[in-house]
Structures are given as C-alpha cells and as structure tokens.
Amino acid sequence: SIGVSRERLNMLCAVINKFLEMPTSIYSQNVFLTLIGGMKFSDTGVDVPSLLAMLSSAQNKAIPHKSFSFGEIGLTSELRVVGNMETRVKEAARMGLKIGFIPKTKDERMQDLARKLGVKVYECANLKDLISNVFLIDHSKDSGVYEKPSGVSKKAPPKMKSEEAPKEKKERKGFEN
C-alpha cells in the first residue's frame, strides 16, 4: 500500500472478505493499492474509491466512465458521511465527472446541489447499495458517451453474502469444577 495506511487496507480487505461472495478469498490474493504521485491520505474518504478499485480489479469489471466516489466504510459494511461532501461534489463536477457514488445523507441538499451542477449522485447506505449502484445499473446515459474499456469482462459483480440467522446463544451458568 502506497499512500493509504496499511491498517485501512487491511480493514477494507476484512470487509470484502466478510460481506462479499468472491470466487476466492481476498486474503489469498496479492492486494496492491497505490495513490498517484506518491500522495498520502489519512482521510477516510478514500475508503469507497479504494474498495471499488479493488473490486473492479478482482472481478475484471469496469467502474462507470466519468464517475467519482468518496466515503468511509465501517466494519459492518455501512457507508459513513465524510467532511466537505459538497465541496467534493463541486470539484468533481468542475473536473467534468458526471456520476457520483457517495454515502447517504440525511437531507436533500446534496441532491439539489448535484442537479444544479448537472451531476447524477447515487447515495448509498451500505456496501450492498454501493455495489448495486456501481456495477448493476447501466450508466451509459448518465455519463454521456460510454467508452467500454477493452478486455473488460461481462461477468456479474460480487454479491453480498447471504445473511445468516443469528445463532442462539447458549446460556452460561458459571464455571464448574
């Protein structure tokens, strides 16, 4: 990992391993995450783009053209709001990006801002929402001209692991000699 702390990378791998059905465990793969130009980030807002890059690479499935993402990912797969979200969306729009995948907010200001800037924003509450919005929706109309990268497969994106019924806890009465 260059530019992102090894601890964050390990946490993202743990979330992938726990919540996504992958053909092989992420822990059996070599995982490299590098930020451009030797930049170093301590901002947790790089969690979502980092995870999407890892999934895109592992599944050989492209992330939508002209898209951006940011947000923190928690251990229970929830997406968390990060600071300066409006500024981040404005900057993405200024750079010509058209589709955003961000944590769900509690008010409508983000959607109003996105409409004003001509950006389509998908607010995601958790990893399941994120994967559905990034990999399962046809974004060719959202981003203008869609350029399919060569060599990208059409295989399905990773699925969430099925939720198991909670196991009954055995009642412990105490230690017996």
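Along the sequence shown, residues carry numbers from 1. Just so it is clear, the model here is predicted, and its values are computed rather than measured.
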Test your reading of the model: is there a side-chain donor-acceptor pair from [X] to the backbone of [Y], 3.5 Å cut-off?
X	Y	result
S50	V46	yes
N133	D129	yes
S132	K128	yes

Whether D112 and R109 form a salt bridge (side-chain N of Lys/Arg under 4.0 Å from carboxylate O of Asp/Glu) is what I want to check.
no
Salt-bridge test for E72 and R80: reply yes if a basic N is under 4.0 Å from a carboxylate O, no otherwise.
yes
Any idea which heavy atoms bring [X] and [Y] closest together, and the distance?
X	Y	result
L51	L127	CD2-CD1, 3.4 Å
A62	S56	CA-OG, 4.1 Å
I63	A53	CD1-N, 4.1 Å
P64	S67	O-OG, 2.7 Å
G45	V82	CA-CG1, 3.8 Å

Are [X] and [Y] grouped together when hydrophobic residues (ILVMFWY) are joined by side-chain heavy atoms under 4.5 angstrom apart?
X	Y	result
I16	V134	yes
M85	L97	yes
L130	F135	yes
V48	V89	no
M110	V119	yes

So how far is it from [X] [atom1] to [Y] [atom2], rounded to the nearest 0.5 Å?
X	Y	atom1	atom2	value
Y122	Q111	OH	CD	10.0 Å
M54	L20	CE	CG	10.0 Å
I99	I137	CD1	CD1	9.5 Å
N126	I73	CG	CD1	10.5 Å
S69	R88	OG	CZ	10.5 Å
L117	K98	CG	NZ	9.5 Å

Step-by-step side chain to side chain contact (heavy atoms under 4.5 Å, CB included) determination, K61 to L55
CA-CA 8 Å; K61 186 121 173 90; L55 292 178; over 6 Å; no
Under the criterion side chain to side chain contact (heavy atoms under 4.5 Å, CB included), which of T105, L79, V81 is the partner of E123?
T105
Note, F68 side chain near P49 side chain (heavy atom, < 4.5 Å):
no
